[in-house]
Amino acid sequence: AICAACVTATAVTPLNLIKTRKQLANRGDAEQLPKGVWKSLRHIVRTEGSWAVFRGVGPQILLSLHTTIQVAMYECMKREMWGDKADVPVTGVVAVSAVSKSFASAVCN
């Protein structure tokens with residue numbers, strides 16, 4: 001799951017970069033990028049270098065790590081407490097969710 005989070009973060013970071021820069025350009029706070037994702041990526045690579053599109057991948061991975069830990073712990077606890085039953089009580093789901101969220105927050109924050 002952690003590998004999947006790293007791959008996803010690496011793939012999504014260039015798209016987040018373009019989205020953020022276009023939002024800033026619309027406000028007048030940054031240079032206007034060409035229309036289209038591929039043209040924008042090409043422009044950034046030509047003007048700033050190929051590694052520029054991956055700025056921020058580290059924090060993106062750390063953000064993904066929180067969710068990975070939470071979901072993995074939730075699934076393990078749920079399976080340990082109720083097995084493969086489909087009818088898990090709502091209070092159990094709330095309790096397991098709270099514990100897994102608290103643990104992930106303590107580890108990642």
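Just so we're clear, the structure is a prediction, and the values are computed from it rather than from any experiment.
- When all heavy atoms of A25 and Q32 are compared, the pair lying nearest together is CB-OE1, 3.6 Å.
- Inter-residue side-chain proximity for V88 and M81 is flagged as unmet; no heavy-atom pair is nearer than 4.5 Å.
- How far CD1 of I44 is from CZ of R55: 9.0 Å, rounded to the nearest 0.5 Å.
- A heavy-atom distance below 4.5 Å is not found between the side chains of Q70 and E75.
- Judged as a side-chain hydrogen bond (donor to acceptor under 3.5 Å, both in side chains), and not counting sequence neighbours, R79 has no contacts.
- Between A52 and L17, the shortest heavy-atom distance links the atoms O-CD2, 3.7 Å.
- Of all non-hydrogen atoms in T13 and G56, the two that sit nearest each other are CG2-C, 4.1 Å.
- Linking Ile, Leu, Val, Met, Phe, Trp and Tyr whenever their side-chain heavy atoms come within less than 4.5 Å puts F54 and W38 in one cluster.
- Criterion: ILVMFWY side-chain heavy atoms under 4.5 Å apart, direct or through other members. Under it, W82 and V90 are not part of a common hydrophobic cluster.
- Atoms NZ and CG, on K78 and D84 in that order, are 9.0 Å from each other to the nearest 0.5 Å.
- Not counting sequence neighbours, the partners of S40 by the side-chain contact (heavy atoms from CB on, under 4.5 Å) test are I18, K22, L33, P34.
- Cluster annotation: M73 and V107 are assigned to the same hydrophobic cluster (Ile/Leu/Val/Met/Phe/Trp/Tyr, side-chain heavy-atom contacts under 4.5 Å, transitive).
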Legend entry - Derivation of the salt bridge (Lys or Arg N to Asp or Glu O under 4.0 Å) call for E48 and R21: CA-CA 14 Å; E48 300 175 40; R21 291 204 181 175; 2.6 Å; yes
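- At a threshold of 4.5 Å between side-chain heavy atoms, the hydrophobic network of Ile, Leu, Val, Met, Phe, Trp and Tyr places L15 and W51 in one connected group.
- Going from atom CE of M77 over to atom OG of S100 covers 6.5 Å, rounded to the nearest 0.5 Å.
- Applying the side-chain contact (heavy atoms from CB on, under 4.5 Å) test to I61 and every residue at least two apart in sequence or in another chain returns C6, A9, V57.
- Side-chain contact check for T8 versus S64: every heavy-atom pair is 4.5 Å or farther apart.
- The two atoms that bring S50 and V53 nearest to each other are O-CG2, 3.2 Å, heavy atoms only.
- No path of Ile, Leu, Val, Met, Phe, Trp and Tyr side chains, each step under 4.5 Å between heavy atoms, connects L65 with V71, placing them in separate hydrophobic clusters.
- Closest approach of Y74 and S97 over heavy atoms only: CE1-OG, 3.5 Å.
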